[in-house]
Amino acid sequence: MRHTRISQDWLAAAAAGASALALTSCGLMPGGGQGETISMVVTENAPFQEPTEIAKDLLEEDGWTLDTTYVTDILQPNFTVDNGEYDVNFFQNLTYLWQFNQDHDLDLEPLFFMFEQPSGIYSKEYDDLEDLPDRAHIALPVDTANNGRGIQLLARAGLIEVDQSKNTSELSVNDITANPKDLEFVEVDQQSVGTVYDDVHAVFGFARLLAEVDVMPEEALIIETQDEALPFAMTIVAQPGFRETEPEKYDALQSAYHSDEVRQWYGEYLGGLLTPAFDRDVDAAWEEANR
């Protein structure tokens, strides 16, 4: 089994620390959340950016300024919230946050869920996983939290066997115990799975990213169940105790992001591909993740 790792230089950036942050700012620089301002770093992607712009307008009507910075990085947003440069961030799923805390000795917490997205394995050339040839190249996200999702789906399909003692979020290619087709795994940045779709035999990816290159969920060879996907629902994240120390900010954020206007946007985006998770119990899910 060959294991190829393709990643960007952001791994090195993590070692440089949050002081080396290079962000593309939209609006003013963060003011530490003082007064009527809430500072937020957000991934530069439609399901995050567009609801944020809606929330920003709603917050402004209530006297708040949502000071946003949009980024493509998936490491620094957590460091900048941890060190107090920003109040909150919006870019990651619950399991990614848990793994990030473990890897970097942080204790950031989710404030509330935003949306769920089905993820699956897709192929441009093949209509069934059983048709994948020996030594087929399978693209997986490089980050640990999402890497195991693809591996688990391949295991559920019977193409590989994995160490059953590990949770999905802990699985890596090193935990594959049997690989009869000698599948070869290419690890890429999670946002790049759509761009490599044409170049590999199959990819594991988020449905929204594949939909952006006109590959819809019904074309997936296998897709996660709702229960499998819940631990990977997207969250808004802050320092521990934010709800208690900044209750007005918390209430304002939740009210704006869980508004009817934001729900309607998700209902219209890509034909309702993403499901709002506003009613999901983030505290119960977080407690389960930390067991």
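Atom set for the values below is all heavy atoms of this structure, side chains included, hydrogens, waters and symmetry mates excluded.
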Task: Thr80 side chain vs Pro77 backbone, donor-acceptor pair below 3.5 Å - done: yes
Task: Donor-acceptor contact below 3.5 Å, side chain Thr69 vs main chain Val41 - done: no
With heavy-atom distances below 4.5 Å as the criterion, would you say the side chains of [X] and [Y] are in contact?
{"X": "Asn147", "Y": "Val142", "value": "no"}
{"X": "Phe100", "Y": "Val237", "value": "no"}
{"X": "Val203", "Y": "Val186", "value": "no"}
{"X": "Gln76", "Y": "Val71", "value": "no"}
{"X": "Ile236", "Y": "Met114", "value": "yes"}
{"X": "Leu129", "Y": "Leu153", "value": "no"}
{"X": "Asn89", "Y": "Thr43", "value": "no"}
{"X": "Ile160", "Y": "Lys181", "value": "no"}

Task: Sole candidate of Phe91, Phe115, Tyr70 that passes ring pair (Phe, Tyr, Trp, His ring centres under 6.0 Å) when paired with Phe48 - done: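 Exactly one candidate clears the test, Phe115.
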Which value, rounded to the nearest 0.5 Å, describes the distance between [X] atom [atom1] and [Y] atom [atom2]?
{"X": "Glu170", "Y": "Asp175", "atom1": "CD", "atom2": "CG", "value": "8.5 Å"}
{"X": "His201", "Y": "His137", "atom1": "NE2", "atom2": "NE2", "value": "7.0 Å"}
{"X": "Ser39", "Y": "Asp87", "atom1": "OG", "atom2": "CG", "value": "3.5 Å"}

Does [X] [atom1] have over 12 foreign heavy atoms under 6.0 Å away?
{"X": "Asp105", "atom1": "CG", "answer": "no"}
{"X": "Asp127", "atom1": "CG", "answer": "no"}
{"X": "Glu287", "atom1": "CD", "answer": "no"}

TODO: Mind running side chain to side chain donor-acceptor pair (under 3.5 Å) on Asn101 and Asp107 for me, showing each step along the way?
DONE: CA-CA 6 Å; Asn101 279 346; Asp107 55 359; over 6 Å; no
- [ ] Would you please test Glu44 and Gln49 for side-chain contact (heavy atoms from CB on, under 4.5 Å) and show each step?
- [x] CA-CA 6 Å; Glu44 197 171 48; Gln49 188 167 345; 3.5 Å; yes
Open item on the list: Applying salt bridge (charged side-chain N to carboxylate O under 4.0 Å, His left out) as the test, list every pair that has at least one member in residues 255-265; sequence neighbours left out.
Closed with: none
Open item on the list: On a heavy-atom basis, which atom in Pro217 and which in Tyr122 lie closest, and how many Å separate them?
Closed with: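 Scanning both residues completely, I find the closest heavy atoms to be CA-OH, 3.6 Å.
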- [ ] Taking all non-hydrogen atoms of both residues into account, name the closest pair between Ala256 and Leu58 and its distance.
- [x] O-CD1, 3.8 Å
- [ ] Only pairs at least two apart or in different chains count here, so list each side chain to side chain donor-acceptor pair (under 3.5 Å) that has a residue in residues 274-284.
- [x] Glu116-Arg280, Arg243-Asp283
TODO: Kindly assign one of parallel, tilted or perpendicular to the pair His104 and Phe79, based on the angle between their ring planes and the thresholds 30° and 60°.
DONE: perpendicular
TODO: Show your working on side chain to side chain donor-acceptor pair (under 3.5 Å) between Ser165 and Asp163 and close with a plain yes or no.
DONE: CA-CA 6 Å; Ser165 69; Asp163 182 351; 2.6 Å; yes
Task: NZ/NE/NH1/NH2 to OD/OE distance under 4.0 Å, Arg149 and Glu228 - done: no
Open item on the list: Suppose the criterion is ring-ring contact (aromatic ring centres under 6.0 Å, His included): which pairs have a residue in residues 272-291, not counting sequence neighbours?
Closed with: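 Residue pairs passing ring-ring contact (aromatic ring centres under 6.0 Å, His included), neighbours aside: His258-Phe278.
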Task: Residues Glu161, Asn179; criterion side chain to side chain donor-acceptor pair (under 3.5 Å); working and verdict - done: CA-CA 7 Å; Glu161 295 179 12; Asn179 184 9; over 6 Å; no
TODO: Kindly work out whether a path of hydrophobic side-chain contacts (I/L/V/M/F/W/Y, heavy atoms less than 4.5 Å apart) joins Tyr96 to Phe232.
DONE: no
Open item on the list: Do Val200 and Val213 land in one hydrophobic cluster if side-chain heavy atoms of ILVMFWY residues count as linked below 4.5 Å?
Closed with: yes
